[in-house]
Amino acid sequence: MKPATNLIHAGESVDTGATPSLTTPIYETSTFVFDSVADVIKYQEGKLNGYLYSRYENPTVVAVEQKVAAVDGAEAALLFSSGMAAISTALLTLLKPGDEILCSAAIYGGTFHIIEDLMARFGVDRRFVTLEQLADLAPVFGAKTKMVWFESPINPTLRCVDVRKVAAACRKAGVMSVIDNTFASALNQPVASMGIDLAMQSATKYLNGHSDVTGGALSGAKSVIAPLSKARRLLGGIMDPLPAFALGRGMKTMPLRVAQHNANALAVARHFEGHPALERVYYPGLESHPDHAIAKAQMSGFGGVVTIDVKDGKDGAFRVFDRLKVIKRAASLGGVESICSLPILTSQYGLTDEELVAAGVSKGMVRMSIGLEDASDLIADLEQALAP
Ligand code: PLP
């Protein structure tokens, strides 16, 4: 054959013989090769074990989905190109015109806007409910309520919702319960065992843990995941093989990482509680947190996010933010690096004073995602940033 043909076809399919690779190979291919028309027919009839097209399924992605299902204690899991792709696929698949979704008013901004701005255009009714309403859902359900969507812990106050209570109320009423478990992860908060129907996570955060992948995950029973898998083929939000490989590698150290995030965050929170430069420290692992009892009952560790409320409001928070040296100024959370953000410039940007009060958010708040550095270095960094 001529050079161009050879370059394209020679050595394209790799066979490792009787010695398979130890780690998950990256199947960086958009499509898969069939031997014959008979095989294509068998595949379409579900009688041939194989793949057709990477927008549908890809072996690297499937391998990592099995890891997510294992960590989440779920029958099945799906990976997406972002947390938002997971959220939009779930909402568009599971709701139809005339259905009502009850969503926690304290929710990630992207989730709020997709429900309020986009789902509304498809005729889905929505009500945003308070934490008090989430604690007693039976009187809140309406005839058309099909889904409850909530988070725990909630950004940036780390308020917590009783997950078992929400799951039980939903089950009794025949309503689907969905939790965004991004902040806790299943290692700290195994929501499948608490009766939740569908767990969503931004894999960008603790699942991957290295701030180098954008991804999303949905996990649940096979019967819940099957229609979402079908819809993902059409909506096209599947994760690519390369980030899936990176995610799978990151997940192997997840138990070690999460344990250290928990320990470092607790050390930082305990050290700064009562600090003269602070109004308050928010961390569900502190006895002073309003939802400590709920957190203790449902979390084996309290996560890596700590929020401090600096005295002197916005000016104080801005000063601390600019002075930090080890803790980097960056949005997101869940990576090995400690980072911090100002809620009034990120998650609560543009809210009026009244809306901030309703959300329990103050202008002096600095939200920190505590990483895996030595806790003493993080404490020293914050101490110098808080000094008069
Ligand atoms: N849910 C929560 C709680 C988040 O914090 C985020 C992102 O910050 C998302 C969902 C969206 O995830 P992604 O940015 O991966 O699309």
Side-chain angles (χ1 to χ4, degrees), residues 61 64 68 72 77-92 101 103-119 128 131 134 148-161 163 178-186 188-189 191 196 198-219 232 235-240 243-244 246-247 250-251 258 261 282 284 299 302-307 329-335 337 339-343 345-349 359 361 365 367-370:
V61 179
V64 182
V68 176
D72 283 6
L78 295 173
L79 284 171
F80 295 83
S81 56
S82 68
M84 289 311 297
I87 294 170
S88 53
T89 301
L91 293 172
L92 287 166
I101 175 171
C103 181
S104 171
I107 202 79
Y108 175 65
T111 310
F112 172 80
H113 284 295
I114 209 162
I115 292 172
E116 180 62 12
D117 305 340
L118 194 68
M119 297 309 289
F128 293 93
L131 298 186
L134 279 170
V148 170
W149 190 294
F150 71 111
E151 288 171 18
S152 185
I154 295 163
N155 180 52
T157 56
L158 290 322
R159 291 295 309 268
C160 297
V161 175
V163 176
V178 187
I179 189 169
D180 179 337
N181 207 22
T182 298
F183 269 55
S185 90
N188 280 332
Q189 188 166 265
V191 294
I196 287 291
L198 182 66
M200 177 269 152
Q201 286 166 89
S202 166
T204 315
K205 318 296 198 260
Y206 292 103
L207 277 183
N208 175 57
H210 293 78
S211 317
D212 53 8
V213 164
T214 301
L218 294 174
S219 63
R232 185 183 62 175
L235 294 166
I238 193 171
M239 181 177 268
D240 268 343
L247 172 63
M251 285 185 68
V258 169
H261 282 295
Y282 294 82
M299 300 178 83
F302 301 103
V305 180
V306 178
T307 299
R329 288 157 285 276
S332 197
L333 64 136
E337 313 85 357
I339 58 174
C340 70
S341 58
L342 298 167
L345 294 185
T346 49
S347 48
Q348 270 73 30
Y349 184 68
V361 174
M365 280 182 173
R367 189 199 78 181
M368 296 175 294
S369 169
I370 300 297

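Because the structure is a prediction, the values reported are computed rather than measured. Both counts, for ligands and for their atoms, begin at 1 and track the order of listing.
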J.: Give every pair formed by an N or O atom of ligand 1 and a protein N or O atom closer than 3.5 Å, one pair per line with both atom names and the distance to 0.1 Å, or write none.
T.:
{"unit_1": "ligand 1", "atom_1": "1 (N)", "unit_2": "D180", "atom_2": "OD2", "d": "2.6"}
{"unit_1": "ligand 1", "atom_1": "8 (O)", "unit_2": "K205", "atom_2": "NZ", "d": "2.9"}
{"unit_1": "ligand 1", "atom_1": "12 (O)", "unit_2": "S202", "atom_2": "OG", "d": "3.2"}
{"unit_1": "ligand 1", "atom_1": "15 (O)", "unit_2": "G83", "atom_2": "N", "d": "2.9"}
{"unit_1": "ligand 1", "atom_1": "15 (O)", "unit_2": "S202", "atom_2": "OG", "d": "2.8"}
{"unit_1": "ligand 1", "atom_1": "15 (O)", "unit_2": "T204", "atom_2": "OG1", "d": "2.7"}
{"unit_1": "ligand 1", "atom_1": "16 (O)", "unit_2": "G83", "atom_2": "N", "d": "2.9"}
{"unit_1": "ligand 1", "atom_1": "16 (O)", "unit_2": "M84", "atom_2": "N", "d": "2.9"}

J.: Suppose we screen for side chain to side chain donor-acceptor pair (under 3.5 Å). Which residues come up paired with T182, at least two apart in sequence or across chains?
T.: D180
J.: Under the salt bridge (charged side-chain N to carboxylate O under 4.0 Å, His left out) definition, can you give me all pairs with a residue in residues 104-117, not counting sequence neighbours?
T.: E116-R126
J.: Can you list everything that forms a side chain to side chain donor-acceptor pair (under 3.5 Å) with T204? Sequence neighbours excluded, please.
T.: S202
J.: Is it the case that the side chain of S369 and the backbone of V305 share a donor-acceptor pair, with hydrogens and angles ignored and the cut-off at 3.5 Å?
T.: no
J.: Can you confirm whether F80 sits close enough to T89 that some side-chain heavy atom of one is under 4.5 Å from a side-chain heavy atom of the other?
T.: yes
J.: When you measure from the side chain of T111 to the backbone N and O of I107, does any donor-acceptor pair fall under 3.5 Å?
T.: no
